[in-house]
Amino acid sequence: MLDRINQLAEEIKSLAASTAEEAEQLRIKYLSKKGLVSQLFDEFKTIPNEQKREVGKVLNVLKTQALDKINELKEGFASNGQGESGADLTLPGTSFELGSRHPLSIVKNEIVDIFARLGFTVADGPEIEDDHHVFEALNFPPEHPARDMQDTFFIATNPDVLLRTHTSSVQVRVMEKQQPPIRAIFPGRVFRNEAISARAHCIFHQVEGLYIDKNVSFADLKQTLLYFSKELFGADTKIRLRPSYFPFTEPSAEMDISCSLCGGKGCNVCKYTGWVEILGCGMVDPAVLEASGIDSNEYTGFAFGMGIERITMLKYQIKDIRLFFENDKRFLDQFKSAE
Ligand code: DAH
């Protein structure tokens, strides 16, 4: 038996494995319950007692050697970076890529921040509206031609359930609930039945503003919009107000800013005029105040509304409005550092 033990000891000394899997096979071959070493231990029970002392010693040494050898082989693979599956655990991990904010959200947040500095709070209203809040209370009588300015999506066949065509509807919701002073902006999504092109979409975003108090004047409106324009487009920005018409304001105006691209010298963005239109505004029509329960003898106010897509396109020189809604990662990735 001693000979067989020595023979096995020699065999074990020269064992080699080229994978963790092979090392495991060797462990099974020599050290598992039915392995070669264990078999010798079984046999050991049957030898004469006087030999047990000597043989037992050598057999125990063999077992230790076998264990050491197999562990050594296994460890070799662990330090090679290979786990039991053979995967290389030293390879660098895959990092998770963070998303970025959508350009429309970046600009909306910026607009909210600027007006917050002037004391404007933020409110919102429903996207699915009724005729009263979108049109009637804003001084659009039923047959008023100004309703043609807005191509409305109706829900089912009910003419009183519709998608809001502008965020001006939130003015009405706020005035119904709250007495002046009111100083708030309303960012939100609006819907119009328009053909989709590079310049128009059937879904877009607006920010509406409303300021109602005693003695609010057109000069307040002008100064508020000048401050806003300089903050958003840079300190050199100039504004210009052109007379216009909206049913809910009187007088009404459209506001242009000096072209932020060419600084007013003329380029293809401002169509060589030096100016670009960015919003509509005016003094809230007394009929609008009265329709929502505000005394127009005591209070006056101004309102304004702007398209977020349009402003974002100007700010980042984006030529096609459809890019905002396509979720093309190559487009969105360009705004990673814009916040
Ligand atoms: N609601 C208008 C639109 O969608 C924008 C607008 C113009 C809002 C003048 C106003 C305003 O509050 O005073 O085109």
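Each ligand, and each atom within it, is numbered from 1 in the order the structure gives.
Under the 4.0 Å criterion applied to side-chain N and carboxylate O atoms, Asp256 and Arg242 are assigned as salt-bridge partners. Under a 4.0 Å N-O distance rule, the pair Arg173/Glu129 qualifies as a salt bridge. One finds no salt bridge joining Arg330 and Asp333 here, because no Lys/Arg side-chain nitrogen approaches an Asp/Glu carboxylate oxygen to under 4.0 Å.
Assignment of Glu254 to the shell around ligand 1 is not supported, since no heavy atom sits closer than 4.0 Å.
With a heavy-atom cut-off of 4.0 Å, Gln206 touches ligand 1 through its side chain alone. The proximity of Phe302 to ligand 1, defined as any non-hydrogen pair under 4.0 Å, does not occur for either the backbone or the side chain. At a heavy-atom distance under 4.0 Å, no atom of Arg164 approaches ligand 1.
Between the side chains of Glu208 and His166, no donor-acceptor pair is found at a separation under 3.5 Å. For the residue pair Tyr299 / Gln179, no side-chain donor-acceptor distance below 3.5 Å is found, with atom types taken as modelled.
Each of the following atoms of ligand 1 lies closer than 4.0 Å to a heavy atom of Ala303: 12 (O), 13 (O). Near Gly280, meaning under 4.0 Å from any of its heavy atoms, are these atoms of ligand 1: 7 (C), 9 (C), 11 (C). Remark: ligand 1 atoms within the under-4.0 Å shell around heavy atoms of Ser168 are 1 (N), 8 (C). Those atoms of ligand 1 that come under 4.0 Å of a heavy atom in Gly282, given as number and element, are 13 (O). Annotation for ligand 1: atoms under 4.0 Å from non-hydrogen atoms of Gln171 are 12 (O).
Partners of Glu10 by side-chain contact (heavy atoms from CB on, under 4.5 Å), not counting sequence neighbours, listed by chain and number: Lys13. Evaluation of the side-chain contact (heavy atoms from CB on, under 4.5 Å) rule for Phe154 yields Thr152, Leu162 as partners, not counting sequence neighbours.
Residue His166 has at least one nitrogen or oxygen atom sitting less than 3.5 Å from a nitrogen or oxygen atom of ligand 1, judged on distance alone.
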